Amino acid sequence: LNDRVERGNDVEIEVLLIDNTGQPVSGQLITISLNGTDISTVITTAENGTAFGVLTTPGNMSVGVKDVNALYAGTPGTTGLLGSEANASFVVLAQTSITIDEYPDSLVAGEYMVVNGTLLDDLGLSLKILDVPSAAVVHLLIDGNSVASTETDSVSGQFSLGYPLPEDISAGAHTITVEFYGGRDWVDPIGVGEPSNPEYYLPSVANVPFNISVPTKITLITEGGDVN
């Protein structure tokens, strides 16, 4: 069983059916189902007692820990095989999307930059913890260097990031990046996302260009003569 899967993708399942002596039981029907949904399929055990199946998670399934059930009904008769059942858990993840809605096309070195945008999931909804809308941390990077961070609005997913440009920044083209690091414990790379971030959401990033102008100063270095 996959330990993690993005919603809308397949969960691959392998089962093994044995009797009380540890011998494989072949040719038997196993029903596997995704708990909390009407999604199920029937698979047949091979000579070695194993069977493989695939269940497709709904594209709008909530994120988090989910369960798969495997049910063997058994065979009738006093010398038949009694039924059995097993469960296993896996985690459903979701993509996220950052949109940079407002940003400066150009600034002068030393001016204050404001970047506004939204962070939502792949369904266009705010991120959630246990089905409750939650804030998440987004980071502002200039030319790949992290300079600021803030929390999104828990309901709308909107954010506003501000940063005073240094006086010595170079003139020309630069890049604004807004990044969400994702969940901390179930999202690769593990342990990078903030502990306060909603778990089970994948990282996302957005980039836009902007230009910097810098002031100049002219100094006369040729000495003047005496004026009569």
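Since this is a predicted model, take the numbers as computed values, not measurements. FYI, the numbering just counts along the sequence from 1.
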Residue pair Asn48, Thr50: steps toward the side chain to side chain donor-acceptor pair (under 3.5 Å) verdict: CA-CA 6 Å; Asn48 62 359; Thr50 62; 2.6 Å; yes
Straight-line distance of Tyr72 OH to Thr45 OG1, nearest 0.5 Å: 7.5 Å
Gln95 CD to Leu120 CG distance, which is reported to the nearest 0.5 Å: 13.5 Å
For the student: nearest non-hydrogen atoms of Gly182 and Asn197, plus distance: O-ND2, 3.0 Å
Hphob cluster co-occupancy, Tyr103 + Met113, side-chain heavy atoms under 4.5 angstrom: yes
Glu85 side chain to Asn69 side chain, donor-acceptor N/O pair below 3.5 angstrom: yes
Heavy-atom check, side chain of Val138 versus side chain of Thr152, under 4.5 Å: yes
Rounded distance [0.5 Å steps], CD1 in Ile98 versus OG1 in Thr118: 9.0 Å
Ile30 to Ala70 - nearest heavy-atom pair and separation: CG2-CB, 4.2 Å
Common cluster, Leu93/Val5, ILVMFWY with side-chain heavy-atom separation under 4.5 Å: no
Pair Glu194, Tyr181: side-chain N/O donor-acceptor within cut-off below 3.5 Å: no
Same apolar cluster: Leu71 and Val25, side chain cutoff 4.5 Å: no
Joint hydrophobic cluster, Ile212 plus Leu141, side-chain heavy atoms closer than 4.5 Å: no
For the student: nearest non-hydrogen atoms of Gly8 and Thr56, plus distance: O-CG2, 3.7 Å
Working for side-chain contact (heavy atoms from CB on, under 4.5 Å), residues Ile18 and Leu16: CA-CA 7 Å; Ile18 58 175; Leu16 172 64; 4.0 Å; yes
Distance, nearest 0.5 Å, that separates CG of Leu107 from OG of Ser213: 9.0 Å
Side-chain donor or acceptor of Arg184 paired with backbone N/O of Gly193 under 3.5 Å: yes
Verdict with supporting geometry, Ile32 and Ile43, side-chain contact (heavy atoms from CB on, under 4.5 Å): CA-CA 8 Å; Ile32 55 174; Ile43 54 180; 4.1 Å; yes
Minimum heavy-atom distance between Thr44 and Ala51, given as atom pair plus value: O-CB, 3.4 Å
Minimum side-chain heavy-atom gap Leu55-Asp10 below 4.5 Å: no
Rounded distance (nearest 0.5 Å) linking atom CG of Leu127 with atom OG of Ser154: 10.5 Å
Ser149 versus His139, closest heavy-atom pair with distance: CB-ND1, 3.7 Å
Could you pull out every donor-acceptor pair under 3.5 Å between side chains of residues 201-211 and any protein atom, sequence neighbours left out?
| residue | atom | partner | partner atom | Å |
| --- | --- | --- | --- | --- |
| Tyr201 | OH | Lys128 | N | 3.1 |
| Ser204 | OG | Thr96 | OG1 | 2.8 |
| Asn207 | OD1 | Thr177 | OG1 | 2.4 |

Trp186 and Tyr200 aromatic ring geometry - parallel, tilted or perpendicular at 30°/60° bounds: tilted
Test item: Ser126 side-chain N/O and Gly157 main-chain N/O as donor-acceptor pair under 3.5 Å: no
Shared hydrophobic cluster, Val65 / Val63 (ILVMFWY, side-chain heavy atoms < 4.5 Å): yes
Which pairs of donor and acceptor atoms, one on a side chain in residues 33-40, lie under 3.5 Å apart (sequence neighbours left out)?
| residue | atom | partner | partner atom | Å |
| --- | --- | --- | --- | --- |
| Thr37 | OG1 | Leu34 | O | 2.8 |
| Thr37 | OG1 | Ile39 | N | 3.1 |

Could you pull out all donor-acceptor pairs under 3.5 Å where a side-chain atom in residues 159-174 meets a protein atom, sequence neighbours excluded?
| residue | atom | partner | partner atom | Å |
| --- | --- | --- | --- | --- |
| Ser160 | OG | Asn116 | OD1 | 2.6 |
| His174 | ND1 | Asp143 | OD2 | 2.5 |
| His174 | NE2 | Ser170 | O | 2.7 |

Any donor-acceptor N/O pair, Ser156 side chain to Gln158 backbone, under 3.5 Å: yes
Between Thr21 and Asp19, a side-chain donor and acceptor under 3.5 Å: yes
Shortest non-hydrogen contact between Arg7 and Gly59, atoms and distance: CD-O, 3.6 Å
Pair Glu199-Val187, side-chain contact (heavy atoms from CB on, under 4.5 Å): steps then yes or no: CA-CA 8 Å; Glu199 196 55 76; Val187 172; 4.2 Å; yes
Spatial distance of atom CZ (Arg4) from atom CG (Asn9) [nearest 0.5 Å]: 13.5 Å
Side chain to side chain, Val108 and Pro215, heavy atoms closer than 4.5 Å: yes
Side-chain heavy-atom pair Leu140, Val115 within 4.5 angstrom cut-off: yes
